[in-house]
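The residues of the chain are indexed from 1 along the displayed sequence. These numbers come from the heavy atoms of this one structure, side chains and all, not from hydrogens, waters or symmetry mates.
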Amino acid sequence: MFPREYRGVAFVVGLFLVVQVGALALVPEFAESGYQAVENPENPANSVLYVVAIVAMTGLMLAAFRYDFDGAIRLLIVGVSAWLSWYVFSALVSPLAAAVPAVAVAVGLLVHPEWYVIDTAGVLMGAGAAGLFGISFGLLPALILLAVLAVYDAVSVYGTEHMLSLAEGVMDLNIPVVLVIPLSLSYSLLDGESASEEASGVGEETASGVDEEASGVGEEAETDEEPDSGHDSDTGDGSDAAEAAEAGDRDAFFIGLGDAVIPTVLIASAATFSPAADLAVPLLGVNLPALLAMVGTLAGLLVLMRWVIRGRAHAGLPLLNGGAIGGYLIGSVVAGVPLIEALGLAGIL
């Protein structure tokens with residue numbers, strides 16, 4: 001791995017941490033403000049409806065790209081960015097005052113969609129979306145959501161590959177359904193090659209769900225989908241040397257916003273609904289299950305980035321969601337929460 005790739009990985013980890021910590025900080029404010037999106041957060045049907053919505057949104061976006069409605073998709077995502085940003089800012093200032101920076105986010109994306117504008121908007125969206133869904137999905141629905149989306153991400157990247165098509169359509173729009181990871185200080189998303197040529201998460205050399213992202217913004221965005229995954233252009237004979245040479249020529253990585261959002265939904269849900277004792281961290285509502293879910297997600301991210309740097313296509317959510325679920329369950333057991341309760345099955349069985 002080249003030194004600048006190490007810096008890129010550190011940057012990705014930093015962005016994920018900001019999304020996770022931001023969601024945890026927003027959860028108490030969102031809950032107090034009554035932003036819960038469903039009447040019964042413990043109903044597993046909520047997860048099914050959300051997955052159906054993601055699939056439907058993915059289909060609509062693919063159709064839009066096919067029939068040249070790219071501009072409409074861009075405006076939709078920018079609008080969602082402003083909306084989710086408003087939720088975040090409203091936790092800090094009055095709802096009316098929050099509209100000002102939220103509109104500024106939208107204007108920035110429309111006027112100057114440079115990588116740092118996209119990443120800033122993506123982090124705001126990610127923290128806001130994860131916080132809202134975290135207080136709306138109980139433990140069982142959140143676990144079902146992560147498990148189903150991990151399978152869907154894998155199928156859409158390794159099987160049908162429609163996430164790759166979605167990613168290719170999204171990459172040229174310069175919208176925050178992907179997080180841009182520059183590998184040099186001089187990198188500019190607006191100058192030089194397009195994102196899809198450079199590498200990336202789903203489109204080409206990186207990995208991560210975009211599928212959900214796009215929707216997630218609809219949310220997801222998994223990495224290659226709610227994003228999903230990067231697909232390597234041509235690595236020649238596929239040898240490690242060829243892969244390393246190609247990696248060294250990259251100027252940026254791209255990872256789906258959904259890859260950050262989806263596992264963070266479980267983190268926020270654990271902080272909200274787990275009976276584990278609060279850790280009394282200043283400004284954050286966090287317990288051991290939520291904390292270890294964060295650790296598990298980041299562990300999965302490091303493995304994912306190692307694969308991505310080699311230029312191979314990979315679905316992000318299987319690793320990220322798997323790490324989040326594993327960390328959450330370990331944290332629950334260590335915190336003394338019975339496994340059946342940690343799975344959200346106590347009220348059912």
Check for me, please, whether W83 and L75 land in the same ILVMFWY cluster - side-chain distances under 4.5 Å, paths through other members count.
yes
At their closest point, which heavy atom of V180 faces which heavy atom of D119, and how far apart are they?
O-OD2, 2.6 Å
Heavy-atom closest contact (P176 atom, L257 atom, distance):
O-CD2, 3.2 Å
Ignoring hydrogens and angles, tell me if any N or O in the side chain of Q36 forms a donor-acceptor pair with the backbone of I135 under 3.5 Å.
yes
Is it the case that one hydrophobic cluster holds both F273 and V337, taking links as side-chain heavy atoms less than 4.5 Å apart, direct or via other members?
no
Decide side chain to side chain contact (heavy atoms under 4.5 Å, CB included) for F254 and I181; before the verdict, give the C-alpha distance in whole Å, the side-chain angles of both, and the deciding distance to 0.1 Å.
CA-CA 6 Å; F254 299 80; I181 317 302; over 6 Å; no
I'd like to check V286 versus D278 (side-chain heavy atoms, cut-off strictly below 4.5 Å). Are they in contact?
no
Give a yes or no answer on whether the side chain of W115 reaches the backbone of S188 with a donor-acceptor pair at less than 3.5 Å.
no
Cluster link V100 to L84, ILVMFWY, side chain under 4.5 Å
no
Show the numbers, then the answer: is there a side chain to side chain contact (heavy atoms under 4.5 Å, CB included) between F137 and L143?
CA-CA 9 Å; F137 284 81; L143 290 167; over 6 Å; no
Flag the pair S332 / L339 as yes when at least one side-chain heavy-atom distance between them is below 4.5 Å, and no otherwise.
no
Check whether any side-chain heavy atom of L139 sits under 4.5 Å from a side-chain heavy atom of Y328, and report yes or no.
yes
How close do A276 and A335 get, counting heavy atoms only, and between which atoms?
CB-CB, 3.9 Å
Indicate if Y35 and L92 have the same hydrophobic cluster label, given that clusters are the connected sets of ILVMFWY residues with side-chain heavy-atom separations under 4.5 angstrom.
no
Working note: T264 + T297, criterion side chain to side chain contact (heavy atoms under 4.5 Å, CB included); need CA distance, chi angles, decisive distance, verdict.
CA-CA 8 Å; T264 305; T297 301; 5.8 Å; no
To the nearest 0.5 angstrom, please state how far the CD1 atom of I267 sits from the CD1 atom of I262.
11.5 Å
Approximate separation, where rounding is to 0.5 Å, of L345 CG and L140 CG:
5.5 Å
Under the side chain to side chain contact (heavy atoms under 4.5 Å, CB included) rule, what do I255 and V178 come out as? Steps first, then yes or no, please.
CA-CA 5 Å; I255 188 165; V178 291; over 6 Å; no
Compare every heavy atom of A102 with every heavy atom of A82, then report the nearest pair and how far apart it is.
O-CB, 3.4 Å
Measure across P28 and A25 and return the closest heavy-atom pair with its distance rounded to 0.1 Å.
CD-O, 3.5 Å
Quick one: does L298's side chain get under 4.5 Å of Q20's, heavy atoms only?
yes
Taking the side chain as every heavy atom from C-beta outward, state whether F89 and L124 have any atom pair closer than 4.5 Å.
yes
Y50 ring center near F133 ring center (under 6.0 Å)
yes
Closest non-hydrogen atom pair, V105 against A121
CG1-CB, 3.8 Å
For N40, does its backbone N or O pair with a side-chain atom of N46 as donor and acceptor, under 3.5 Å?
yes
Roughly how far, to the nearest 0.5 Å, is the CG atom of L301 from the CG atom of L15?
10.0 Å
Kindly compute the distance separating OH (Y87) from CG (L26), expressed to the nearest 0.5 Å.
12.5 Å
Heavy-atom check, side chain of M305 versus side chain of V13, under 4.5 Å
no
Enter the distance from L145:CG to L49:CG here, rounded to the nearest 0.5 Å.
11.5 Å
Spell out, as yes or no, whether a donor-acceptor pair under 3.5 Å connects the side chain of Y187 to the backbone of A252.
no
Point-to-point distance, once rounded to the nearest 0.5 Å, from CG of L179 to CZ of F253:
14.0 Å
Same cluster or not: V55 versus L149, using hydrophobic residues (I, L, V, M, F, W, Y) connected whenever any side-chain heavy atoms lie under 4.5 Å apart?
yes
Report yes or no: does S136 contribute a side-chain atom to a donor-acceptor pair with the main-chain N or O of A37 at less than 3.5 Å?
yes
Can you tell if the side chain of L110 reaches within under 4.5 Å of the side chain of R74, non-hydrogen atoms only?
yes
Can you check whether L183 reaches R7 side chain to side chain, under 4.5 Å on heavy atoms?
no
Within the distance-only criterion (no hydrogens, no angle test), does the side chain of N287 pair as donor or acceptor with the backbone N or O of A277 below 3.5 angstrom?
no
